[in-house]
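Numbers restart at 1 for each chain; the letters A, B, ... are given by sequence-line order, proteins then strands.
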Amino acid sequence: MSLNGQQIKQIIFKIAQMIDENKMYLTELDAAIGDGDHGINMSKGFQAVIDKIKDDNGDNIGDMLKKVSMALIANVGGASGPLYGTAFMKAGMWVGNRREISIEDYYNMLLEALNGIKARGRASIGEKTMVDSLEPAINELKVSIDNKFNELECLEKMVNSAKLGMENTKNIVATKGRASYLGERSIGHLDPGAVSCYLILKTIFEEVKKIKG
Amino acid sequence: MVSLVIVSHSEKIAKGIKELALQMAPDVKIEIAGGTGDGRIGTDCLNIMNAINNAYSDDGVLILFDLGSALMNSEMALDFMENIDKSKVKIAKCAIVEGAIAGAVEASIGKTIDEILEALESYRINK
Ligand SMILES: [Mg+2]
């Protein structure tokens with residue numbers, strides 16, 4: 001798909017805008033089974049992200065993603081700060097000083113991000129967390145790339161898989177985070193982190209579609 | 001003497017635990033990182049880094065935390081710190097109030113960081 005740093009920066013701005021638009025929705029999801037701050041925290045974090053990279057020329061994608069990471073780590077406040085912060089940090093470390101990325105690079109960056117999240121949160125699939133939308137999405141992306149689908153198809157399949165994983169968090173009893181205190185009563189509710197993760201992947205797909213479509 | 005760092009989602013909790021522990025062991029250095037930098041409930045990696053820096057000595061630092069993201073941010077803070085010997089900083093997975101009091105008492109009688117961790121095993125909880 002070959003995206004350059006400027007295009008990636010624009011996609012990050014769109015993610016920030018989308019998070020802000022979904023601030024109340026994410027907060028309501030979190031209020032049902034957690035502490036009701038996910039939307040507000042994420043919105044604070046991504047506003048700080050915009051501030052931090054608005055003057056970045058995008059020449060060094062890895063550096064830009066590390067700035068995103070630091071803004072999230074310093075400004076989110078909830079568990080999503082260290083988790084998304086680690087995700088962007090690991091993706092940035094993998095991409096290094098590449099000036100553009102292919103779909104294979106994107107896959108590798110997501111895989112690094114996933115492994116970072118799992119290590120930082122000691123999480124695995126099936127625990128009602130963002131891993132439940134991210135991991136199946138990445139697996140689907142890999143299969144689609146291996147099957148030589150075109151890039152937009154690959155991204156669309158990935159997003160559909162993230163959506164299924166996100167919806168499935170309704171059926172899972174939370175064992176991680178604040179929702180774990182609810183035990184069985186967390187069933188029937190979506191995990192807010194799985195939802196924000198799906199929304200981010202969806203925004204990336206939609207923006208790439210606009211750029212390439 | 002080993003120092004303590006109290007990491008809580010709430011600044012009030014962190015302050016209160018420090019107060020309780022100092023009653024038992026007034027000579028122990030206790031630093032707190034409670035709430036976010038802008039006064040919300042939550043934990044803040046940068047606050048935690050500052051608290052560890054202020055608490056640090058070669059005798060060691062014991063970190064006690066309340067809930068999940070406090071642990072993640074404490075570990076992340078340690079990942080970022082390069083000016084200290086990280087092998088001397090330990091995170092105890094125990095009940096934070098009991099752990100802080102017992103930890104402070106053990107520190108005040110000159111126990112090493114590993115001896116304190118050992119003593120805190122009886123307050124260990126799943127978190
Ligand atoms: Mg929350």
Heavy-atom neighbours of M93(A) CE exceed 12 at 6.0 Å = no
Electrostatic pair R40(B)-D37(A), nearest N-O below 4.0 angstrom = no
ask   = With only heavy atoms counted, which part of N47(B) is less than 4.5 Å from chain A, the side chain, the backbone, both or neither?
value = neither
task = Considering non-hydrogen atoms only, spot the tightest contact between A79(A) and M72(B) and give its length.
result = CB-CE, 3.6 Å
message = Looking at K127(B), I want to see if its NZ is surrounded by more than 12 non-hydrogen atoms of other residues, nucleotides or ligands under 6.0 Å.
response = yes
inquiry  = Taking atom NZ as the centre, does K163(A) end up with more than 12 heavy-atom neighbours from other residues, nucleotides or ligands that are less than 6.0 angstrom away?
reply    = no
note = Heavy-atom nearest pair, A74(A) first then L46(B), reads CB-CD1, 3.8 Å
key: Enclosure of M1(B) CE (heavy-atom neighbours >12, cutoff 6.0 Å)   = yes
message = Counting only heavy atoms from other residues, nucleotides and ligands, does the tally under 6.0 Å from NZ of K202(A) exceed 12?
response = no
query = Side chain, backbone, both or neither: which part of N41(A) has a non-hydrogen atom closer than 4.5 Å to chain B?
reply = both
inquiry  = Taking atom NZ as the centre, does K86(B) end up with more than 12 heavy-atom neighbours from other residues, nucleotides or ligands that are less than 6.0 angstrom away?
reply    = yes
key: Any side-chain heavy-atom pair of M89(A) and D79(B) under 4.5 Å   = no
Within 6.0 angstrom of K118(A) NZ, more than 12 heavy atoms from elsewhere = yes
key: K44(A), part contacting chain B, at a heavy-atom distance under 4.5 Å   = side chain
ask   = Less than 4.5 Å apart, any side-chain heavy atom of E75(B) and any of R122(A)?
value = yes
message = Report which part of T86(A) has an atom under 4.5 Å of a heavy atom belonging to chain B: side chain, backbone, both, or neither.
response = both
